[in-house]
Amino acid sequence: MLLLIAVAIVVFGSLIGEYAGVKGWLGGLWFWLGHQGWEYLDLGRLWQFLLVIGLFFWVVILLRGLSGVLRQQHFGNMPWMFFYAALAIPAFYAVGLLTGPRAGFVINDFWRFWVVHLWVEDFLELFTTVMVAYMFVLLGVVREATALRVIYLDIILYSLGGVIGTMHHLYFSGTPVAHLAFGATFSAMEVIPLLLLTLEAWGFIRAGEKTTSDSMHLHRWAIWFLVAVGVWNFLGAGVFGFLINLPVVSYYEIGTALTANHGHTAMMGVYGMLPIGLMLFCLRYLTQPDKWSDGAAKISFWSLNLGLTWMAFLNLFPLGIAQLYHAVDSGYWRARSPEFILLPWVNKLEWARLPGDALFILGGAVPLLWLCWRAIRYPNPRRIEAEADVPNTLFVYSSEGRL
Ligand code: HEM
Ligand SMILES: [Fe+2]
C-alpha cells in the first residue's frame, strides 16, 4: 500500500512538474521539480530520486517475501537469480542520476542511454526472462534445469552483445569513434541473443498451449499474456529492433517512425503485457471465484494485442519505411521536415491508427479496470488458500535440479 501511494506521488508529481516546467512556470526550480529535458529522463530530479528510492523499496519488499527461500537455496539457483535481476532494476535506473544540468550533451546522452539501453533493453529483459521462467517453473510447465539454462545463457549473451552494444545509440552524440566501432559491431552481434529470444518465445507459446489443456486453466489468460510477452519480444524487440540495428540502417533512420515502431512494440509488447499477466494472476486469487470473468480478460487480451499490431502495421511501420526512403533519397532533414509530416497521405496514415488505438483503450484497458474493480468489490475471503491445486504463493519453491 505504501509503495502504491509512493508510486502515485511520483507519477502525478512528476507529470504536473513536467507540465509546469514546459510552460516555464517553475523558474529556477525547473531542474528539481519540472522537466529535465532528456527523453526518458524527463522527470525533475526530485522525482527521479524518489523513483530510485521507491524501486529499492520494491526490492526490499521482494526480499521480505523471498528471504525464507533464499536462505535454503544455493546462490546460483532460480530464487537468487530472481533477486539479482530485481536488484539490477533500481541499480541501473539510478545511473540516470549521473546526468546533470551543467554537463555537456555528450556526457548526458551517454548516461541517458545507459538507462534506455542497458536498463530497458538489457536488465529489464533479463528480469522478464527470469520472471516468466520462474512462473512457468512454479506452474510446472517448464523444467527448472531448462529454465536455469536459458537464464544463464541470457546473462552471458546480453553481457557480451548488450553491454558494449549500448554505443549503437551514440552515432550522433560526439562519442569517440572507437566506442562507435565497438558499439556497431557488438550490436550487430545481437542477432545471437535474438535467436535465443525466438527459441524462448516459441517455448513460451508451447508452454501456453500445454497450460490451457491441464488444471492450470485457472490462469489461462494470465498465461496468454506471458505468451504475448514472448511473441512481442520476438517481433517488437527482435525483428523491429534488428531492422534498425545494423549501423548502415541506424545511421539513416535514427529518430524516425521506425524507431517509434520498434520502441512501442517492444515496450508495450514486453513491459506492458508482462505486468498485465502478473496482475491477472493476482486478481484471480483476490476475487471471489464466481465473480471472476474470464471473458473480460479475453476481450482485453485480444484488444490490446490487435490494437498494438494495428498501430505498428498500419501506421508506424509504413510511415517509417517512407521516412527512411526520403532520408536516403534526399537527406535526413527532409524525412523529419514539417513539409513531409504534413503531406496529405502522411496525414491519412496518421488517422489510420485511430481504430487500433480505440480498440486498445476501450477493449483493452476498460475490461482490466473492470476486473480490478471486481477484485475490490468482491474480495475473496479465503484468498489464495481457496485454490489448493495451484502453488499458493509465488515464492514456494520446491522443485528438482538445484545446483
Ligand atoms: C524489450 C526490449 C526492448 C525495448 C523495450 C526497447 C526499447 C527501445 C526504445 C524505447 C528505443 C528508442 C530510443 C530513442 O528514442 O532514442 C529503442 C531504440 C533502439 N533499439 Fe531498442 N528496445 C528493446 C530491444 C532492442 C533490441 C533487442 C535491439 C536490437 C536488435 C534494439 C535495437 C535498438 C536500436 C538500434 C535503437 C535505436 C534506434 C534509433 O534511435 O533510431 N532494441 N529501443
Ligand atoms: Fe539499444
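Values below: every heavy atom of this structure, side chains too, minus hydrogens, waters and symmetry copies. Indexing begins at 1, ligand by ligand and atom by atom, following the structure's order.
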Between Tyr252 and ligand 1, which residue portion shows a heavy-atom distance shorter than 4.0 Å: side chain, backbone, both, or neither?
neither
Does a donor on one side chain sit under 3.5 Å from an acceptor on the other, for Trp310 and Asn315?
no
Enumerated ligand 1 atoms positioned under 4.0 Å from heavy atoms of Glu253
38 (C), 39 (C), 41 (O)
Relative to the Fe ion (ligand 2), which of the N, O or S atoms in His117 is the closest?
ND1
Numbered atoms of ligand 1 (with element) below 4.0 Å of Val120, judged on heavy atoms:
4 (C), 5 (C)
Numbering the atoms of ligand 1 from 1, which are under 4.0 Å from a heavy atom of Asn245?
29 (C), 30 (C), 32 (C), 35 (C)
Does any donor atom in the side chain of Asp154 or Thr129 lie under 3.5 Å from an acceptor atom in the other side chain?
yes
Per-atom filter on ligand 1: closer than 4.0 angstrom to a heavy atom of Tyr271 are 1 (C), 5 (C)
With a heavy-atom distance limit of 4.0 Å, tell me whether His117 approaches ligand 1 through its side chain, its backbone, both, or neither.
neither
Mark up the atoms of ligand 1 that fall under 4.0 Å of a heavy atom belonging to Glu125, in ascending order.
1 (C), 2 (C)
Which residues satisfy the side-chain contact (heavy atoms from CB on, under 4.5 Å) test with Ile89, sequence neighbours excluded?
Leu55, Trp58, Trp119, Leu124, Phe127
Can you see whether Asp294 engages Trp292 through a side-chain donor-acceptor pair at a distance of less than 3.5 angstrom?
yes
Ile254 contact mode with ligand 1 (heavy-atom cut-off under 4.0 Å):
both
Taking the six-membered ring for Trp, are Phe75 and Tyr84 closer than 6.0 Å centroid to centroid?
no
Tell me, with the steps shown, if Tyr19 and Trp25 meet ring-ring contact (aromatic ring centres under 6.0 Å, His included).
CA-CA 9 Å; Tyr19 185 78; Trp25 295 340; 5.7 Å; yes
Nitrogen or oxygen atoms of Gly263 and ligand 1 under 3.5 Å apart:
no
Ring centres of Tyr285 and His219 under 6.0 Å apart?
yes
Just jot down the side-chain contact (heavy atoms from CB on, under 4.5 Å) partners of Trp302, sequence neighbours excluded, or say none.
Trp221, Lys298
Using a 6.0 Å cut-off, check whether atom CH2 of Trp345 has over 12 heavy atoms from anything other than its own residue.
yes
Which atoms of ligand 1 sit under 4.0 Å from any heavy atom of Phe113?
16 (O)
Below 2.8 Å, any N, O or S contact between His262 and atom 21 (Fe) of ligand 1?
yes
Atom of Glu121 closest to the Fe ion (ligand 2), considering N, O or S atoms
OE1
Report yes or no: does a heavy atom of Trp232 sit under 4.0 Å from some atom of ligand 1?
no
Is it the case that the ring center of Tyr332 lies less than 6.0 angstrom away from the ring center of Tyr252?
no
Could you tell me whether some N/O pair between His168 and ligand 1 is separated by less than 3.5 angstrom?
no
Can you confirm, on distance only, whether ligand 1 has an N/O atom lying under 3.5 Å from any N/O atom belonging to Glu121?
yes
Look only at interatomic distance and state if Asn233 has a nitrogen or oxygen under 3.5 Å from any nitrogen or oxygen of ligand 1.
no
Give a yes-or-no answer on whether the side chains of Arg45 and Thr99 include a donor-acceptor pair shorter than 3.5 Å.
yes
Met267 heavy atoms within 4.0 Å reach ligand 1 at atoms 5 (C)
